[in-house]
Amino acid sequence: QVQLVESGGGLVQPGGSLRLSCAASEAIFSMNTMGWYRQAPGKQREPVAQITTGGTRNYADSGKGRFTISRDMTKDTLYLQMNSLEPDDTAVYFCYANRLGVHYWGQGTQVTVSS
């Protein structure tokens, strides 16, 4: 059972930045894919960004040019750098990992963009 723990959320003004972290209990090089989803109040969970074992990065249109997904394999940690944040980015952000078809989720971290 892989455990994922997110951190780094908080309240930020529009135009600000946050960096989310996701610490994994097992080596992230063993994961087929890792990434981030988010869920805003009253809305379905939606993908934000993904990174594959080989390092290929994919982004949802909502975050292209503003969000950057990265990882540090020495720390078994996944990151999401979010710049130029907008009120519509307000959501709970969830880290996930997929290994051999099994999906694991973190507990989520709240991001609120408001003046």
Side-chain angles (χ1 to χ4, degrees):
Q1 181 81 6
V2 177
Q3 295 186 350
L4 303 170
V5 180
E6 300 100 331
S7 61
L11 173 64
V12 63
Q13 292 188 340
S17 298
L18 282 175
R19 188 177 80 156
L20 306 183
S21 299
C22 172
S25 62
E26 299 186 24
I28 62 174
F29 72 80
S30 69
M31 310 301 170
N32 299 103
T33 60
M34 294 189 73
W36 296 90
Y37 271 65
R38 69 185 184 185
Q39 187 166 19
K43 295 187 177 180
Q44 289 189 331
R45 194 174 294 192
E46 63 179 14
V48 176
Q50 176 191 73
I51 185 167
T52 68
T53 302
T56 300
R57 294 166 171 81
N58 296 294
Y59 298 94
D61 288 342
S62 59
K64 281 182 180 177
R66 301 187 299 127
F67 295 175
T68 302
I69 189 170
S70 63
R71 61 190 175 186
D72 186 336
M73 290 190 178
T74 66
K75 297 180 179 179
D76 293 322
T77 301
L78 181 74
Y79 301 99
L80 184 68
Q81 177 68 43
M82 303 188 294
N83 299 326
S84 303
L85 283 162
E86 304 166 352
D88 283 350
D89 295 318
T90 296
V92 178
Y93 284 70
F94 297 90
C95 170
Y96 76 89
N98 184 289
R99 185 172 65 186
L100 300 177
V102 180
H103 220 75
Y104 303 93
W105 292 96
Q107 83 289 349
T109 185
Q110 176 71 46
V111 171
T112 302
V113 184
S114 175
S115 56

Qualifying ring pair (Phe, Tyr, Trp, His ring centres under 6.0 Å) pairs with a residue from residues 41-62, counting only residues at least two apart or across chains: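 The answer is none; no pair qualifies.
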Heavy-atom pair of closest approach, residues [X] and [Y]:
{"X": "Gln1", "Y": "Glu26", "value": "O-OE2, 3.6 Å"}
{"X": "Ser84", "Y": "Ser17", "value": "N-OG, 4.3 Å"}
{"X": "Val113", "Y": "Asp89", "value": "CG2-CB, 4.2 Å"}

Pairing residues for Tyr37 by the ring pair (Phe, Tyr, Trp, His ring centres under 6.0 Å) criterion, not counting sequence neighbours: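 Ring pair (Phe, Tyr, Trp, His ring centres under 6.0 Å) list for Tyr37, sorted by chain: Tyr96, Trp105.
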Determine whether Thr90 and Val111 make a side-chain contact, defined as any pair of heavy atoms from C-beta on separated by less than 4.5 Å.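 Counting from C-beta outward, Thr90 and Val111 never come under 4.5 Å.
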With sequence neighbours excluded, what pairs up with [X] under the side chain to side chain contact (heavy atoms under 4.5 Å, CB included) test?
{"X": "Glu46", "result": "Arg38"}
{"X": "Thr77", "result": "Ser21, Ala23, Lys75, Tyr79"}
{"X": "Thr74", "result": "Asp72"}

Taking salt bridge (Lys or Arg N to Asp or Glu O under 4.0 Å) as the definition, give me every residue that meets it alongside Asp88, ordered by chain and number, with sequence neighbours left out.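 Not a single residue meets the salt bridge (Lys or Arg N to Asp or Glu O under 4.0 Å) criterion with Asp88.
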Applying salt bridge (Lys or Arg N to Asp or Glu O under 4.0 Å), name anything that partners Lys43, two or more places apart in sequence or on another chain.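 Salt bridge (Lys or Arg N to Asp or Glu O under 4.0 Å) list for Lys43, sorted by chain: empty.
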Show me the side-chain donor-acceptor pairs of residues 28-35 shorter than 3.5 Å, one per line, residues at least two apart or across chains.
residue : atom : partner : partner atom : Å
Ser30   : OG   : Ala27   : O            : 2.6
Ser30   : OG   : Arg99   : NH1          : 3.3
Asn32   : OD1  : Leu100  : N            : 2.6

Can you list every salt bridge (charged side-chain N to carboxylate O under 4.0 Å, His left out) pair that touches residues 102-115, not counting sequence neighbours?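 Listed by first then second residue: nothing to list.
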Distance-only criterion, 3.5 Å: show the donor-acceptor pairs between side-chain atoms of residues 2-14 and protein atoms not counting sequence neighbours.
residue : atom : partner : partner atom : Å
Glu6    : OE1  : Gln107  : N            : 3.0
Glu6    : OE1  : Gln107  : NE2          : 3.4
Glu6    : OE1  : Gly108  : N            : 2.9
Glu6    : OE2  : Cys95   : N            : 2.7
Glu6    : OE2  : Gly108  : N            : 3.2

Name all pairs fulfilling the disulfide bond (SG atoms under 2.5 Å apart) condition that reach into residues 32-71, sequence neighbours left out, sorted by first residue then second.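 The answer is none; no pair qualifies.
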Listing request: all disulfide bond (SG atoms under 2.5 Å apart) pairs with a residue in residues 45-89, at least two apart in sequence or in separate chains.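 Sorted pair list comes back empty.
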Distance from [X] atom [atom1] to [Y] atom [atom2], nearest 0.5 Å?
{"X": "Glu86", "Y": "Ser114", "atom1": "CD", "atom2": "OG", "result": "13.5 Å"}
{"X": "Trp36", "Y": "Leu80", "atom1": "CH2", "atom2": "CG", "result": "6.0 Å"}
{"X": "Thr56", "Y": "Ile51", "atom1": "OG1", "atom2": "CD1", "result": "8.0 Å"}

Transitive ILVMFWY side-chain link Val102 to Leu78, under 4.5 Å: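 Yes.
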Electrostatic pair Asp76-Arg71, nearest N-O below 4.0 angstrom: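 Salt bridge between Asp76 and Arg71, a charged N being under 4.0 Å from a carboxylate O: no.
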With side-chain contact (heavy atoms from CB on, under 4.5 Å) as the test, would you mind laying out the steps for Phe67 and Asn83 before giving the verdict? CA-CA 6 Å; Phe67 295 175; Asn83 299 326; over 6 Å; no
